[in-house]
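Beneath this line is the structure, given in structure tokens, with notes to follow.
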Amino acid sequence: MHVIIVGAGVTGLSTAWALIKRGVEVTLIEQGPIPNPLSASGDQHRIIRRAYGGQGGYQRRISDAYAAWDEMWDDLGARHLVDTGFMVISQEEGDEGEDYWRGMVEAGYSLDQMSPQEACARYPFLSPEGLRFVAVHPEGGVLLCQKIAADMRAFLLAKGARLLENTKVVAVDRAAGRVTLESGEDLTGDRVVISAGAWVLKLAPELDSDLTPYRTAVVYLEPPADLKASWEAAPVILDVGGKVDGYVLPPVPGTGLKFGAGIHKVKNADADQNRGIVPGEGERLRNHFSPPFGRISEYQVSDVVTCAYTFTADNHFYAREDGRAVIVSACSGHGYKFGAVVGQKIAEGLIGGDVDTARIWLEARD
Ligand SMILES: Cc1cc2nc3c(=O)[nH]c(=O)nc-3n(C[C@H](O)[C@H](O)[C@H](O)COP(=O)(O)OP(=O)(O)OC[C@H]3O[C@@H](n4cnc5c(N)ncnc54)[C@H](O)[C@@H]3O)c2cc1C
């Protein structure tokens with residue numbers, strides 16, 4: 001079997017990894033370099049954690065995600081996961097921080113829960129203003145996306161995959177299993193996987209009722225000198241509470257301190273547009289985080305990175321089989337941590353001729 005994969009974000013790379021390990025011939029096509037800094041998977045780091053607020057199906061699948069990453073570390077000969085633990089913060093009754101906390105408690109995990117005063121003593125970057133509670137758990141951390149992509153690229157090349165970088169696919173004939181490159185060349189496979197992230201609607205425009213692309217940005221910050229050490233020892237913060245849908249990735253070796261906020265995302269029809277940074281964007285993003293952090297204006301903006309990603313209406317992942325093609329997206333802002341296992345599920349579906357089982361797993365409605 002020969003499988004052509006369009007898009008080398010974490011979904012495409014992981015699918016290629018899982019297929020080639022199972023003896024399948026793979027051609028992986030990426031419009032930019034691998035990793036592509038414009039892709040959703042191309043930033044320095046992403047969070048992995050067990051807590052899953054209202055989406056219990058994903059909380060129940062997270063052990064499979066960890067197991068798939070472990071298999072990948074064995075193949076890559078390197079573990080690109082830094083275990084920091086995670087924190088949730090609640091500022092208001094019923095906020096997302098409380099949702100995450102409740103999901104964990106209901107699933108039987110025991111969290112270290114702290115009063116605002118205890119939390120501020122332990123984590124001096126917090127300010128007690130408006131805090132309800134803070135809880136931490138040791139199982140969670142930071143996946144080093146750029147290192148994962150670079151090592152996966154090397155692994156695939158060593159295993160004989162055909163990698164076409166800086167090569168754009170302009171059309172896919174799903175019935176025939178044929179992709180057309182910008183150069184005009186056609187390639188045909190037994191199956192085609194379209195894992196094109198926020199660009200998917202350029203190849204499958206009829207999916208615009210299922211998949212909505214958004215543009216967002218994250219800000220890298222240099223904290224005040226006296227808070228540097230506490231940030232370096234901090235857990236990932238899944239939600240800072242309140243209404244901003246904000247999260248924080250602490251600096252781990254080779255990465256910066258990163259803040260991102262769901263309220264910063266805007267609907268954007270085209271993943272190639274509005275990728276520049278708007279003046280003052282980093283400071284605006286940063287300022288969403290006060291509270292729960294004090295002295296926010298003392299944090300210096302060191303970089304702002306724009307991102308494009310897709311969402312489904314209910315934030316579940318997406319897979320659809322059409323002819324010889326499968327369109328797949330571990331999307332909705334929480335898919336990176338599932339990248340390796342999604343690749344395994346799609347590979348098993350293609351080889352076993354049962355993509356629907358993979359779709360049901362990805363949708364995680366049970
Ligand atoms: C700001 C932000 C924060 C996030 N935080 C987290 C987090 O903490 N934890 C987590 O688990 N998830 C997180 N996510 C979600 C996660 O990053 C995505 O779900 C995941 O990276 C999607 O991977 P993908 O491979 O499906 O898409 P992408 O990474 O976007 O990859 C798609 C690839 O396809 C290529 N491509 C597209 N069209 C073509 C074409 N025509 N020809 C050739 N190549 C093409 C693109 O160049 C791109 O490289 C976050 C997302 C964002 C944007």
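Note that ligands are numbered from 1 as they come in the structure, with each ligand's atoms numbered from 1 the same way.
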Among all protein non-hydrogen atoms, which one is nearest to atom 35 (C) of ligand 1, and what is the separation to 0.1 Å? Glu30 OE1, 3.2 Å
For Leu187 and Arg162: C-alpha separation, side-chain torsions, deciding distance, then whether side chain to side chain contact (heavy atoms under 4.5 Å, CB included) applies. CA-CA 12 Å; Leu187 302 176; Arg162 186 174 179 212; 3.8 Å; yes
Heavy atom of the protein closest to atom 12 (N) of ligand 1 (residue, atom name, distance): Tyr336 N, 3.1 Å
Ligand 1 contact on Thr11 by region, counting heavy-atom pairs under 4.0 Å: both
Indicate yes or no: at least one non-hydrogen side-chain atom of Ile48 is less than 4.5 angstrom from one of Leu81. yes
For ligand 1, does Cys307 get within less than 4.0 Å through its side chain, its backbone, both, or neither, judged by non-hydrogen atoms? side chain
Just by modelled atom types, is the Gly276 backbone N or O under 3.5 Å from a matching donor or acceptor in the Thr306 side chain? no
Whether Phe259 and Phe289 hold their rings parallel, tilted or perpendicular, with breakpoints at 30° and 60°: tilted
Smallest separation among heavy atoms of Ile47 and Val248, with atom names: CD1-O, 4.4 Å
Leu203: numbered ligand 1 atoms lying under 4.0 Å from its heavy atoms: 41 (N)
Quick one: does ligand 1 sit under 4.0 Å from the side chain of Val218, the backbone, both or neither, non-hydrogen atoms only? side chain
Go through ligand 1 atom by atom and flag the ones less than 4.0 Å from a non-hydrogen atom of Tyr247. 1 (C), 2 (C), 3 (C)
Going by heavy-atom distance to atom 53 (C) of ligand 1, choose the closest among Tyr309, Phe338, Tyr214. Tyr309
I'd like to check whether Ala308 has a polar contact with ligand 1, where a contact means an N/O of the residue lying under 3.5 Å from an N/O of the ligand. no
In this structure, atom 30 (O) of ligand 1 is nearest to the protein heavy atom Ala40 N, 3.0 Å
Need the ligand 1 atom indices (1-based, order shown) with element for anything under 4.0 Å from a heavy-atom of Ile29. 43 (C), 44 (N)
Pull out every atom of ligand 1 sitting under 4.0 Å from any heavy atom of Thr216, numbered as shown with elements. 1 (C)
For ligand 1, which part of Thr167 has a heavy atom less than 4.0 Å away: the side chain, the backbone, both, or neither? backbone
Before accepting this row, confirm whether a basic side-chain N of the pair Lys258/Asp43 lies closer than 4.0 Å to the acidic partner's carboxylate O. yes
for atom 13 (C) of ligand 1, nearest protein heavy atom and its distance come out as Gly333 O, 3.2 Å
Which of the numbered atoms in ligand 1 are under 4.0 angstrom from any heavy atom belonging to Ala196? 32 (C), 34 (O), 37 (C), 38 (N)
Measuring from atom 32 (C) of ligand 1, which candidate in Gly7, Ser195, Ala330 has the nearest non-hydrogen atom? Ser195
Using a strict 4.0 Å threshold on nitrogen-to-oxygen distance, state whether Arg102 and Glu98 make a salt bridge. yes
Looking at Glu129, I want to see if its CD is surrounded by more than 12 non-hydrogen atoms of other residues, nucleotides or ligands under 6.0 Å. no
Is it the case that the side chain of Glu71 and the backbone of Ala68 share a donor-acceptor pair, with hydrogens and angles ignored and the cut-off at 3.5 Å? no
At a non-hydrogen distance cut-off of under 4.0 Å, which region of Leu13 contacts ligand 1 (side chain, backbone, both, or neither)? neither
Ranked by distance from atom 27 (O) of ligand 1, the top protein heavy atom is Gly197 CA, 3.6 Å
With no hydrogens and no angle check, is any side-chain donor or acceptor of Ser39 less than 3.5 Å from a backbone partner on Asn36? yes
For atom 41 (N) of ligand 1, the protein heavy atom that lies nearest, with its residue and separation: Val169 O, 2.8 Å
Heavy-atom donor-acceptor pair, Arg46 side chain to Gly335 backbone, under 3.5 Å: no
Short list, please: which atoms of ligand 1 are under 4.0 Å from a heavy atom of Lys337? 9 (N), 10 (C), 11 (O)
Got more than 12 heavy atoms from elsewhere within 6.0 Å of CD, Glu206? yes
Could you tell me, atom by atom, which parts of ligand 1 come under 4.0 Å of a heavy atom of Asn36? 47 (O), 49 (O)
Quick test of your reading of the structure: of Pro213, Gly9, Ser41, whose heavy atom lies closest to atom 23 (O) of ligand 1? Ser41
State plainly whether the residues Asp366 and Arg61 are in salt-bridge range, i.e. N to O under 4.0 Å. yes
For atom 44 (N) of ligand 1, the protein heavy atom that lies nearest, with its residue and separation: Gln31 N, 3.0 Å
What residue and atom, counting heavy atoms only, is the protein's closest point to atom 6 (C) of ligand 1, and at what distance? Arg46 CD, 3.2 Å
Nitrogen or oxygen atoms of Ile47 and ligand 1 under 3.5 Å apart: yes
Over 60° means perpendicular and under 30° means parallel, so classify the ring planes of Phe338 and His334, tilted if in between. perpendicular
Just let me know how Ala217 lines up against ligand 1, side chain, backbone, both or neither, with a heavy-atom cut-off below 4.0 Å. neither
Taking the inter-plane angle between the rings of Tyr309 and Phe311 on a 0 to 90° scale, is it parallel (under 30°), tilted (30 to 60°) or perpendicular (over 60°)? perpendicular
